[in-house]
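Counting begins at 1 with the first residue of the sequence.
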Amino acid sequence: MAILEEKLRQIEGQVQLLLRKHEALQKAHAQLQKKSEGAEEKIKEAAEKMEKLQAENLLHKSALQALTEEEKKELEKKLSKYIKTIEQSITLISR
């Protein structure tokens, strides 16, 4: 009889251990699921932003095609000046 009681205690201990492990796994699963949902939302936002930027890029390309060569050169000069100014600002800020 004592042997049966000892075996029963061992089984109960193992069941308790399995229950604790199961609870821990459930918590870990819930955390991973939250992270996954957050990542999916970020991916969705990034895809929407990329789509918007692609549409803007297409618009800009269309607008550039409507410009004459002289207007394109003038625009390129202005953009070059803006880029230089931005680079200088970045250099000053990073010091």
Would the number of heavy atoms belonging to other residues, nucleotides or ligands and lying under 6.0 Å from CD1 of I3 be above 12? no
With a cut-off of 6.0 Å (strictly less than), are more than 12 heavy atoms of other residues, nucleotides or ligands near CD of E70? no
L25 reachable from L17 in the ILVMFWY side-chain graph, under 4.5 Å edges: no
What distance do T85 atom OG1 and E87 atom CD have between them, rounded to the nearest 0.5 Å? 9.5 Å
Please check if M50 and I43 belong to a single hydrophobic cluster, counting links between Ile, Leu, Val, Met, Phe, Trp and Tyr side chain heavy atoms closer than 4.5 Å. no
Nearest 0.5 angstrom please: L19 CG to E23 CD, how far? 6.5 Å
Got a second to check how far L18's CG is from I11's CD1, nearest 0.5 Å? 11.5 Å
Return the NZ to CG distance between K81 and L79, rounded to the nearest 0.5 Å. 11.5 Å
Between K73 and E76, does any NZ, NE, NH1 or NH2 come within less than 4.0 Å of an OD or OE carboxylate oxygen? no
Between the NZ atom in K35 and the CD atom in Q31, the distance rounded to the nearest 0.5 Å is 7.0 Å
If you measure from CD on E37 to CD on E40, what distance do you get to the nearest 0.5 Å? 7.0 Å
If you count the non-hydrogen atoms of other residues, nucleotides and ligands that lie under 6.0 Å from CD in E45, is the total more than 12? yes
Would you say the side chain of H22 lies within less than 4.5 Å of the side chain of Q26, judging by non-hydrogen atoms? yes
Worked check of salt bridge (Lys or Arg N to Asp or Glu O under 4.0 Å) between K44 and E41: CA-CA 5 Å; K44 181 181 174 185; E41 184 63 30; 5.1 Å; no
